[in-house]
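Report on the following structure.
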Amino acid sequence: MKTTADKWGFRPEQSGTIDLENGNYELWWRLVGKVPGIQACMFCGSCASTCTAQAEGMNFRKVQLMLRRGMNQSLRQLTAHCMLCGKCTLVCPRDVDTRSAIYNLKLLLHESL
Amino acid sequence: MVKHGKKRFRGTVPLTVLTDGDRIKDVAVVGAGVTGMSAALTLAESGYSADVFEKEEDPGGHVGAWHSLFPGGESARDLMAGFRQELVSRGIRIRTGTEVTAVDRSNGYYTLQTTGGEPEKFRSVLVSTGYRLFDASRKEEYGFGVYPYVITSAELEKRLEQGDRALLVGGMEPGKVAFVHCVGSRDSKAGNLYCSRVCCITGVKQAIAVKELYPDCEVLNFYMDLRMYGVGYEELYQKAQEHHGIQFIRGRVSEAAPTRSGAIQVKAEDTLLGVPLKTEVDWLVLLVGMEPADGTARITGSLDIDRDSSGFLRGKQSMVKPWAAESRGIFIAGACCGPATVPESVTQGRAAAVSVVQYLSGKA
């Protein structure tokens, strides 16, 4: 349906804003339960830059930020190409077991299917 | 032989009555925060008695009003008690409630005008006038002074003294508390381009304090950068994340507004996800930075003390003797020279005092 706003080249759309009150944090806390060290992440991006599946959209920094913000919708898709090679774990300066975190996240996502 | 010019004086010294105002004392310390107190102690330990002026009724400066100190969590009250005890045992009396209103140089000594009465003369002056906290109401977008649940980090320190009653909302424990970093710092519009240095770690310390009082409360920190430069700072930051589950969101809060339920809605961008973000909190704590104290410019106006573009004092040789000002006999230390932590202020106060001793004893 055309609206008046269309004339102006934009239209009211679903807000892309993160609303922390509407997040679903259960997955994050379940993952923290499995891999507590994940909380130490300081979002440096080392994992993302070394990632073998980078070209396929994998970015572990982003994945766990989305988990922290309760945005779980696209996680399955984002982690699909991870081959658990563990390079991210090698480079993490906060010694997060990122490989285990991704593995456990995949399991949790599988369980929730 | 002297052929011309002044005759060498050979007579007896004419007898005059020396009043207290004529007596030239050794050293005045202006400001009795941790810097001034540390300097006075070093001077006393070296055999010099300093006249310490403090405009407030109590010594201790800002630190005297803090609850606990980063990164180790020592009680500020204990620190102050320790200082007080040492000062008493050294016989140092702090002239509280006495403001130095002007310092003038003449004939190689300095005359201090104070609110305490007659002008007094000193051979040297140690300026340790400290800082003032940024007035958070200047950042209107945060609503400080408008919404009662928007408070500064300094107010939170006072509230923490009340234990688990510190942040009750209508008798209930708070559900969510957010901290805003860099309020009045790194901000051209506020006129403060510099980093206040202590707020990052203060935010971490206070976030943990809130979490310890209210384990079920969610605690968020909105930051631009986290500068954990000091010994033990990074460790405390990591502890906040791992042991307390405190969330750090990279993004500067752009506005705060009340909701119908009385909460505060804050907006920021989650810059690491590239997505705008909003949330509702019970308390919004503004981590206010440091600015040069009002008195600093007033009393140093007539002296040759270099100042940086922000108004903080700068030594003649800022690299190797940051505490020595351009004028001989004038020394500077502590947060009047730029944002400083407690141990940094103590170090600067004591270092400057050693230079004062060398100056007074003619060794420098």
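This structure is a prediction, so every number in the text was calculated from the model and none was measured. Below, each value reflects all heavy atoms present in this structure, side chains not excepted, and no hydrogens, waters or symmetry copies. All chains are named by letter (A, B, ...) in the order of the sequence lines, taking the proteins before the strands, and each is independently numbered beginning at 1.
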OH/B:Tyr194: more than 12 non-hydrogen atoms of other groups inside 6.0 Å: yes

Heavy-atom contact with chain A under 4.5 Å, split by part of B:Gln265: neither

Side chain to side chain, B:Thr279 and A:Asp19, heavy atoms closer than 4.5 Å: no

Heavy-atom pair of closest approach, residues B:Tyr223 and A:Phe43: OH-CD1, 3.6 Å

Residue pair A:Glu21, B:Lys278: steps toward the side chain to side chain contact (heavy atoms under 4.5 Å, CB included) verdict: CA-CA 8 Å; A:Glu21 271 59 57; B:Lys278 62 180 180 184; over 6 Å; no

Over 12 foreign heavy atoms within 6.0 Å of NZ, B:Lys267: no

Under 3.5 Å: donor-acceptor pair, side chain of B:Gln241, backbone of A:Cys41: yes

A:Trp28 CH2 to B:Gln247 CD distance, which is reported to the nearest 0.5 Å: 6.0 Å

Spatial distance of atom CZ (A:Arg68) from atom CD1 (B:Ile249) [nearest 0.5 Å]: 10.0 Å

Enclosure of A:Gln77 CD (heavy-atom neighbours >12, cutoff 6.0 Å): no

Pairs of heavy atoms under 4.5 Å with chain B: top-ranked of A:Ile38, A:Val32, A:Leu65: A:Leu65

Flag if over 12 foreign heavy atoms under 6.0 Å of CD, A:Glu26: no

Toward chain B, the part of A:Met42 with a non-hydrogen atom under 4.5 Å: both

Contacting region of B:Lys176 [heavy-atom separation from chain A under 4.5 Å]: side chain

B:Glu242 and A:Arg94: CA distance, side-chain angles, deciding distance, salt bridge (charged side-chain N to carboxylate O under 4.0 Å, His left out) verdict: CA-CA 11 Å; B:Glu242 275 199 87; A:Arg94 278 286 179 90; over 6 Å; no

Within 6.0 Å of CD in B:Gln162, more than 12 heavy atoms from elsewhere: yes

Working for side chain to side chain contact (heavy atoms under 4.5 Å, CB included), residues B:Val275 and A:Thr17: CA-CA 6 Å; B:Val275 185; A:Thr17 302; 5.8 Å; no

NZ (B:Lys211) with more than 12 external heavy atoms under 6.0 Å: yes

Nearest heavy-atom neighbours spanning B:Gly245 and A:Gln39: CA-OE1, 3.4 Å

Atom pair CG/CG of B:Leu277 and A:Leu20 - distance to nearest 0.5 Å: 4.5 Å

Option in B:Leu272, B:Leu226, B:Asp270 with maximal non-hydrogen atom pairs under 4.5 Å from chain A: B:Leu272

